[in-house]
Enquirer: 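One structure, pasted below without further comment.
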Amino acid sequence: MADYPVHTYDVLVIGAGGAGLRAAIEASAAGCRTAVVTKSLLGKAHTVMAEGGMAAAMGHVDDRDNWRVHFADTMRGGQYLNNPRMAELHAKEAPARVRELEAWGAIFDRTKDGRILQRNFGGHRYPRLAHVGDRTGLEMIRTLQDHGIHQGMDVYAEHTVVKLFIDGNRVAGAFAYDRERGRFKVFHAKAVVLATGGVGRSFKVTSNSWEYTADGQALAYNAGAALLDMEFVQFHPTGMVWPPSVKGILVTEGVRGEGGVLKNNQGKRFMFDDIPENYRSSTADNPEEGWRYTQGDKSSRRPPELLTRDHVARCINREVKAGRGSPHGGVFLDISWIKEKLPNSVEHIKKKLPSMYHQFKQLADLDITKEPMEVGPTTHYIMGGIQVDADTQMTAVEGLFAAGECAAGLHGANRLGGNSLSDLLVFGKLAGEYAAKFAKVQATGSVNQSEIETAGKDALAPFERGAAGENPFTIQSELQDIMQNLVGIVRVENEMAEALDKIAKLRERAARAGITGNIEYNTGWHTALDLENMLAISEMIALAGIERKESRGGHFRDDYPAKSEEWGKFNLRIVRGADGHPKLERVPVVPMTEEMKQIVQENL
Amino acid sequence: MAEQATFRIWRGSRGEGKFVNYTTPITSGMVVLDAVHGIQASDANDLAVRWNCKAGKCGSCSAEINGKPRLMCMTRLNTLDLTEPVTVEPMQTFPHVKDLVTDVSWNFAVKKKIQKFTPRAADAADGTWRVKQADVDRPQEFRKCIECFLCQDVCHVLRDHHLHDEFAGPRFFVYAANLEMNPIDSGDRVKAIKEDLGIGYCNITKCCTKVCPEEIKITDNAIIPLKERVVDDFFDPLGGLIKIFR
């Protein structure tokens, strides 16, 4: 009989990005014995990649801002498929979460009167993003890390969870392996918080790190929770396109927030040609007004480069397909032009966008203070994820909570830039708080020994197949091609159906994946174990993508290019059917209260 | 650029091992990490390497490339001589785990010993502070640190003299300086910087500054000012007298 070490906690948090660390801090503060399990070292999670800032209606730069405007912006950005209660909680609580970070040691950029500075971002009516240059995510994760290590939580770095244990309809624990030594561990926990991030590793061109292998979504689904809105994947409009090895690396929206403009190869600012009706009244109709907006003129409207990400990404895609792209298949993003407006533009750009300056200088031999960048869409974020209760973040499985990118609801069909970092904090805190409350009144569920045995045996199977098995890296690479080419930024039914066929074949091959070498820090083994989650969730993205026969937010159908009023009434939910396969259900969107409807009307 | 290049990569576990040569196709703009990944995907599936962001922001892929501590993701092949094999080996200052991966847990333990951020009373009724940008420019420089630990790797006090028990290393002087110079913090870590973190061992050779991928001026802006504070508090006779009579 397998005799793996057992660790017992009140609250187990899986994932140590912004949401996971914030949840763990909250659960620890509530007096719960808390552990955080993370695939990487502490402080390396994908949150460090966030650049632009965290959205919070503090009104430091424009005092017309308040939670109501933020709520309306979030709902409009999400094309009204959002859970309105989550959008309300988020807009109301984000300012307190940002101030709390300062009280824990974060150092934000300042206004002239010494408060936290806020910047413009796409889809946000007023300057709203608290930020630190273009490295806000690093500031956030370091602050949570440095605060968290003194809170009493235990950290299991470089551990991967492969299975949740369920007792009846409640969570009882998790099964993990230690990446460094390859040893298995059993966690018993009264409550579990999933904070594992997204799915971007399943796409070829992505801004996401290797960790984004859809773990939380798959763990929750396998445990009996529901997934929601899985068709909505965000393609960020501006990723690097050259050189090839850096393709997909993010170029922050902050470049456009600071006055950067998008041009095609004819030198035309093409974004002025396509301003959606529902944003027309709030968008500048000439370059001069757009520039004034980026420099803080409250009477000006935002430039069309700061329209929502889904729209800007599609406009770029259209320019490239029409042959008006840049030499390496993108378009031009130019911040250097502001030298016409600011005498000290070189220093200004370096101060406002230091990481971008270094990234292009070092990786592309390009000085962004002098030349335009080449950019194109990159897989960035999934709006869909685990369905949770808006107030408590609990899933359909008792004691199982989810927060951050792996959860669904706040962003609807499209996420606004800056709403992710605030999402992590607001809902990470709530998940930790309610997980702690749950743990305090519940006994620990029981874990079946035979399930532990099976989990261990399954995890070791790739070793038994050895070199004769399929190369896991090859399968991963083929999946990335499939998702990129067939379930990407522009979708059609027959291509997504083709993707489903191909994914089914890849799943058969993945079941034969084999690896060589010993069990210590064996990246081939780790990849072989990641494949199951990546393939299962990719299949669900394609299934939901086929089902939603309209174009909305991050989901654009070439065969159904218009938005449908009928489809605007439903979210798509995926649960495990009786036959063991994913079952799609249409569920009515959560209705807005009368007050919410009024807020939306006031802010159209 | 040649169409393929050879990499001499350290393979093995817990310090035991040898260099193995791998030849892999290369394309324009590639960085060392791309080549390592190419080798991993084709010839060496079990090759251990840490990485996350591939954009110089997470500080995971630290290694020694042709003997120099570097981030693999930010080292472009066109900056290296590809007519010779490129040597890639793990950081030498930390216990070896496997291939390019080392055990950096000591760093996390050191940080935990340093007094945490301790805010002074708020300036405004809503519990917030009023701080000028000019007063946070310096600590913000320190907060750019991505914890790649290359500065720790190169520091001779740790690398050659193994004084891990007595000396915290450049990363943690940067960390301590960020706290000491944060205008909201009210903690006093000067005694600890002298006695527990062992700043006296640093003889300002600036090796750490040279390898910092974030270009933090570790020696000039963090370590020397902290040394000055230590001197002011412990070795300045006039200051000492003033303190006695205060």
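Side chains are part of it too, since the values below use all heavy atoms of this structure and drop only hydrogens, waters and symmetry mates. Reminder, nothing fancy here: chain letters follow the sequence lines and each chain counts from 1. As the structure is a computational prediction, the values presented were derived from the model and not from experiment.
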Enquirer: Looking only at side-chain N and O atoms, does B/Gln133 offer a donor or acceptor that is under 3.5 Å from a partner on A/Lys112?
Expert: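 On atom types as modelled, these side chains do not qualify, holding no pair under 3.5 Å.
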Enquirer: Which pair of non-hydrogen atoms, one from B/Gln140 and one from A/Asp109, has the smallest distance, and what is that distance?
Expert: NE2-OD1, 2.9 Å
Enquirer: Would you say that more than 12 heavy atoms from the other residues, nucleotides or ligands in this model lie under 6.0 Å from the NZ of A/Lys204, or not?
Expert: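 Yes - once you tally the heavy atoms of other residues, nucleotides and ligands closer than 6.0 Å, there are more than 12.
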Enquirer: Using heavy-atom distances under 4.5 Å, tell me whether A/Trp525 contacts chain B through its side chain, its backbone, both, or neither.
Expert: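 For A/Trp525, neither part sits under 4.5 Å from chain B.
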Enquirer: To the nearest 0.5 Å, what is the distance between OG on B/Ser42 and CZ on A/Phe473?
Expert: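 One gets 10.0 Å once the value is rounded to the nearest 0.5 Å.
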Enquirer: Below 4.5 Å from any heavy atom of chain A, which atoms of B/Arg14 appear? Answer side chain, backbone, both or neither.
Expert: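 Just its side chain gets close to chain A.
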Enquirer: Less than 4.5 Å to any heavy atom of chain B: does that hold for the side chain of A/Thr527, its backbone, both, or neither?
Expert: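 Neither; nothing under 4.5 Å.
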Enquirer: Check whether any side-chain heavy atom of B/Met74 lies under 4.5 Å from a side-chain heavy atom of A/His358, and answer yes or no.
Expert: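 Contact flag for B/Met74/A/His358 side chains = no.
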Enquirer: Report the distance from atom CZ of A/Arg115 to atom CZ of B/Arg130, rounding to the nearest 0.5 Å.
Expert: 5.5 Å
Enquirer: Here's a test for you: under side-chain contact (heavy atoms from CB on, under 4.5 Å), which of A/Leu138, A/Ile107, A/Val132 qualifies with B/Arg143?
Expert: A/Ile107
Enquirer: Top residue by heavy-atom pair count (under 4.5 Å) with chain A, among B/Ala124, B/Ala44, B/Ala41, B/Pro119?
Expert: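 Most heavy-atom pairs within the cutoff with chain A belong to B/Ala41.
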Enquirer: Determine whether A/Arg110 and B/Lys132 satisfy the following criterion, side chain to side chain contact (heavy atoms under 4.5 Å, CB included), listing intermediate values before the conclusion.
Expert: CA-CA 6 Å; A/Arg110 318 305 297 183; B/Lys132 291 262 182 291; over 6 Å; no
Enquirer: At a 4.5 Å cut-off on heavy atoms, which part of A/Ile249 comes close to chain B: side chain, backbone, both, or neither?
Expert: side chain
Enquirer: So which of A/Glu102, A/Gln359, A/His526 has the largest heavy-atom pair count under 4.5 angstrom toward chain B?
Expert: A/Glu102
Enquirer: Does the side chain of A/Gln145 pick up a donor-acceptor pair with the side chain of B/Glu147 at under 3.5 Å?
Expert: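 A/Gln145 vs B/Glu147: donor-acceptor pair found between side chains.
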Enquirer: Quick check on A/Ala528 against chain B: is it the side chain, the backbone, both or neither that has a heavy atom closer than 4.5 Å?
Expert: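 Neither part.
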Enquirer: Is it the side chain or the backbone of A/Ala157 that comes within 4.5 Å of chain B heavy atoms, both, or neither?
Expert: neither
Enquirer: For the candidates A/Pro354, A/Ala103, A/Pro244, A/Gly43, which exhibits the highest count of non-hydrogen atom pairs separated by less than 4.5 Å from chain B?
Expert: A/Ala103
Enquirer: Among B/Arg50, B/His37, B/Lys116, which residue forms the greatest number of heavy-atom pairs with chain A at distances under 4.5 Å?
Expert: B/Arg50
Enquirer: Is it the side chain or the backbone of B/Asp185 that comes within 4.5 Å of chain A heavy atoms, both, or neither?
Expert: neither
Enquirer: Shortest non-hydrogen contact from B/Cys145 to A/Arg142?
Expert: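 Between these two residues, the closest heavy atoms are O-NH2, 3.3 Å.
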Enquirer: Heavy-atom cut-off 4.5 Å, strictly under: side chain, backbone, both or neither for A/Glu211 against chain B?
Expert: side chain
Enquirer: Regarding B/Lys111 and A/Asp146, does a basic nitrogen lie under 4.0 Å from an acidic carboxylate oxygen?
Expert: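 Looking at A/Asp146 together with B/Lys111, the answer is yes, because their closest N to O distance falls below 4.0 Å.
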Enquirer: Which value, rounded to the nearest 0.5 Å, describes the distance between B/Ser105 atom OG and A/Glu158 atom CD?
Expert: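 One finds 10.0 Å between OG of B/Ser105 and CD of A/Glu158.
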Enquirer: Most heavy-atom pairs under 4.5 angstrom with chain B, which of A/Arg99, A/Glu139, A/Arg179, A/Gln476?
Expert: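 Looking at each option in turn, the highest pair count goes to A/Glu139.
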Enquirer: For B/Glu214, is it the side chain, the backbone, both or neither that has a heavy atom under 4.5 Å from a heavy atom of chain A?
Expert: neither
Enquirer: Between B/Lys54 and A/Ser245, is there a donor-acceptor pair closer than 3.5 Å when you use the side chain of the first and the backbone of the second?
Expert: yes
Enquirer: As an exercise, state the distance from OG1 of B/Thr75 to CD of A/Gln362, rounded to the nearest 0.5 Å.
Expert: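 Going from the OG1 atom of B/Thr75 to the CD atom of A/Gln362 covers 8.5 Å.
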Enquirer: Looking only at non-hydrogen atoms, find the nearest pair between A/Trp104 and B/Phe117 and report the distance.
Expert: C-CD2, 3.3 Å
Enquirer: Who wins among A/Ser207, A/Ala106, A/Gly517, A/Gly105 for the most heavy-atom pairs under 4.5 Å with chain B?
Expert: A/Gly105
Enquirer: Please assess A/Ser355 against B/Lys57 for the test side chain to side chain contact (heavy atoms under 4.5 Å, CB included), listing each intermediate value before the final yes or no.
Expert: CA-CA 9 Å; A/Ser355 303; B/Lys57 293 192 170 70; 4.1 Å; yes
Enquirer: What distance separates B/Cys53 SG from A/Asn208 CG, expressed to the nearest 0.5 Å?
Expert: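 Those atoms lie 12.0 Å apart.
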Enquirer: Which atoms of B/Lys98 come close to chain A, meaning under 4.5 Å heavy atom to heavy atom: side chain ones, backbone ones, both, or neither?
Expert: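 Answer is side chain: those atoms of B/Lys98 sit under 4.5 Å from chain A.
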Enquirer: Answer yes or no: is there a side-chain heavy-atom contact under 4.5 Å between B/Ser60 and A/Leu41?
Expert: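 Side-chain contact under 4.5 Å: no.
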Enquirer: Working to the nearest 0.5 angstrom, can you tell me the gap between A/Glu100 CD and B/Thr128 OG1?
Expert: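 It is 14.0 Å, given to the nearest 0.5 Å.
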Enquirer: Applying side chain to side chain contact (heavy atoms under 4.5 Å, CB included), run through A/Ser209 and B/Trp51 and close with a yes or a no.
Expert: CA-CA 8 Å; A/Ser209 79; B/Trp51 70 288; 5.6 Å; no
Enquirer: I'd like to know if A/Asp365 pairs up with B/Arg76 as an ion pair, taking the criterion as any Lys NZ or Arg NE/NH1/NH2 lying under 4.0 Å from an Asp or Glu carboxylate oxygen.
Expert: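 Between B/Arg76 and A/Asp365 there is a salt bridge, with a charged N closer than 4.0 Å to a carboxylate O.
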Enquirer: Do B/Gln40 and A/Thr523 have side-chain atoms, one donor and one acceptor, less than 3.5 Å apart?
Expert: yes
Enquirer: Which atom names give the shortest non-hydrogen contact between A/Thr516 and B/Asp46, and what distance separates them?
Expert: O-CB, 3.7 Å
Enquirer: Does any heavy atom of chain A fall under 4.5 Å from the side chain of B/Val131, the backbone, both, or neither of them?
Expert: both
Enquirer: Let's test your reading of the structure: which of A/Ile116, A/Leu250, A/Val48, A/Leu363 forms the most heavy-atom pairs below 4.5 Å with chain B?
Expert: A/Leu363
Enquirer: Determine the minimum heavy-atom distance between A/Tyr521 and B/Val49, stating which atoms define it.
Expert: CE2-O, 4.3 Å
Enquirer: What part of B/Ile146 gets within 4.5 angstrom of chain A, counting heavy atoms only: side chain, backbone, both, or neither?
Expert: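 Its backbone and side chain both get close to chain A.
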Enquirer: Below 4.5 Å from any heavy atom of chain B, which atoms of A/Asp113 appear? Answer side chain, backbone, both or neither.
Expert: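 The answer is the backbone of A/Asp113.
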Enquirer: Answer yes or no: is there an ion pair linking B/Asp137 with A/Lys351, defined by an N-O contact shorter than 4.0 Å?
Expert: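 Judged by the 4.0 Å cut-off on N to carboxylate O distance, B/Asp137 and A/Lys351 do form a salt bridge.
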Enquirer: Identify the two heavy atoms, one from B/Asn52 and one from A/Ser40, that lie closest to each other, and give their separation to 0.1 Å.
Expert: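 That closest heavy-atom pairing would be OD1-OG, 3.0 Å.
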Enquirer: Does B/Phe108 have A/Lys44 sitting over its ring (NZ/CZ under 6.0 Å from centre, angle to axis within 45°)?
Expert: no
Enquirer: Side chain, backbone, both or neither: which part of A/Tyr212 has a non-hydrogen atom closer than 4.5 Å to chain B?
Expert: neither
